[in-house]
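Written out below as structure tokens is the structure these notes cover.
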Amino acid sequence: MGSAAALPCLLLGILHLTAGASAKPHYLVLFPPVLHYPHGGKVHIHLLELDEPVRVTLHLASSHSVPNVTLEQQDSGVLLLNWPRFSNISPPPAERGEVARLHISIQGGSLQVSEQKLVLVKALGLGTLVQTDKDVYRPGQTGEGQELLVRFRIVCLDHNFIPSNRELPWVAVQDPNGTLIAQWQNVSSQQGIVDLSLPLAAEPALGTYSIQVEGKRHLFSVEEAGLPQFAVSIRLPQFVTVKDEKIPLDVCGR
């Protein structure tokens, strides 16, 4: 049995439930409110008090021309329809997706049902993670006369969050003024990982830099290298005498 937290999601997919305790046919249809391209989905149809053949037809009215799914089953019970994969069709916009109409028809004897609901068809974006070896870089950290080197790693994941060896068409780095200072094209990954590095100028522009890849942005900053700040305090007694063999002295550095 599912948890109470999962109920609101399932309720979004309920088309109709005939009320009453009579022997009239009852039906309940559950489906996900979002269909992720290119994967399909599952539609659950619960039939009660029905002992005759039924014909269930699904149709998604959208620009993707997904074919109908038809299933026939004798007797009442639970029908599980596996929605097909979205193959050989153009994907919906990755940012907002597409609102489509899901038509469901149940025809059989005394049960004649035709319903429709809105669903969202949305492309499932590929996973891309970017991480630099530092969040903040300061000129002079690598030693006098040595260039400041920014090392970063890109991890590519597929729809199932498994490392993907896909090629990255474009990787770019912009300085705080929005100027393109480095770019890589058609970058190959090894076991889903890409290692790159970028040498900065001897006196780089201070501010926030951005790494852009597959619509994702990762930020790092270059800040001024200041001198280390420290302080030393000494506490002496207010007075000493000639008979004192030891003088208490507190020295505190921070």
Sorted by chain and number, sequence neighbours left out, side-chain contact (heavy atoms from CB on, under 4.5 Å) with P237 holds for V240, I247, P248
Notebook entry, point to check: Where do D133 and F220 land on the side-chain contact (heavy atoms from CB on, under 4.5 Å) test, with the steps shown first?
Noted result: CA-CA 10 Å; D133 59 339; F220 66 91; over 6 Å; no
What one should report as the nearest heavy-atom pair of P204 and A201 is CD-O, 3.1 Å
Output for pair (R138 CZ, S221 OG), nearest 0.5 Å, gives 7.5 Å
*Residue pair V150 / Y209, side-chain heavy-atom distance below 4.5 Å*: no
TODO: Would you mind reporting whether I211 and L196 have side-chain heavy atoms less than 4.5 Å apart?
DONE: no
Subject >> Step-by-step side-chain contact (heavy atoms from CB on, under 4.5 Å) determination, V171 to F152 >> reply: CA-CA 11 Å; V171 180; F152 61 97; 4.3 Å; yes
When rounded to the nearest 0.5 Å, the distance separating CG of L157 from CD1 of I162 is 9.5 Å
Check whether any side-chain heavy atom of T208 sits under 4.5 Å from a side-chain heavy atom of P176, and report yes or no.
-> no
Got Y27 and V56 here, is their nearest side-chain heavy-atom distance under 4.5 Å?
no
Rounded to the nearest 0.5 angstrom, the CD1-CG distance for I193 and N165 is 10.0 Å
Quiz item: Given the rule that I, L, V, M, F, W and Y join up when any side-chain heavy atoms are under 4.5 Å apart, are L219 and V136 in one cluster?
Solution: no
Taken to the nearest 0.5 Å, the spacing of R217 CZ from Q212 CD works out to 6.0 Å
Note: Q183 and W170 closest approach over all heavy atoms is OE1-NE1, 2.8 Å
- Query: Any side-chain heavy atom of D195 sitting closer than 4.5 Å to one from R151?
  - Reply: no
Tightest non-hydrogen contact, residues K117 and F31, listed as CB-CZ, 3.6 Å
Scanning both residues in full, the closest heavy-atom pair of L149 with P199 reads CD1-N, 3.6 Å
| Is there a donor-acceptor contact under 3.5 Å from the side chain of N177 to the main chain of T179? | no
On a heavy-atom basis, the closest approach of L148 and P139 is CD2-N, 4.2 Å
Checklist entry - Taking C-beta and beyond as the side chain, do I181 and Q174 meet within less than 4.5 Å on heavy atoms? => result no
Original post:
Are side-chain heavy atoms of T128 and V155 found at a separation under 4.5 Å?
Top reply: no
Value for CG (L120) from CG (L102), rounded to nearest 0.5 Å, stands at 12.5 Å
Which atom pairs, donor and acceptor, lie under 3.5 Å between side-chain atoms of residues 185-192 and protein residues at least two apart or in another chain?
unit_1 : atom_1 : unit_2 : atom_2 : d
S189   : OG     : S164   : O      : 3.3
S189   : OG     : R166   : O      : 3.2

With hydrophobic residues grouped by side-chain heavy-atom distances under 4.5 Å, do V213 and L180 end up in a single group? no
Taking C-beta and beyond as the side chain, do V113 and I104 meet within less than 4.5 Å on heavy atoms?
no
H218 and T132 have their tightest heavy-atom pair at NE2-OG1, 3.4 Å
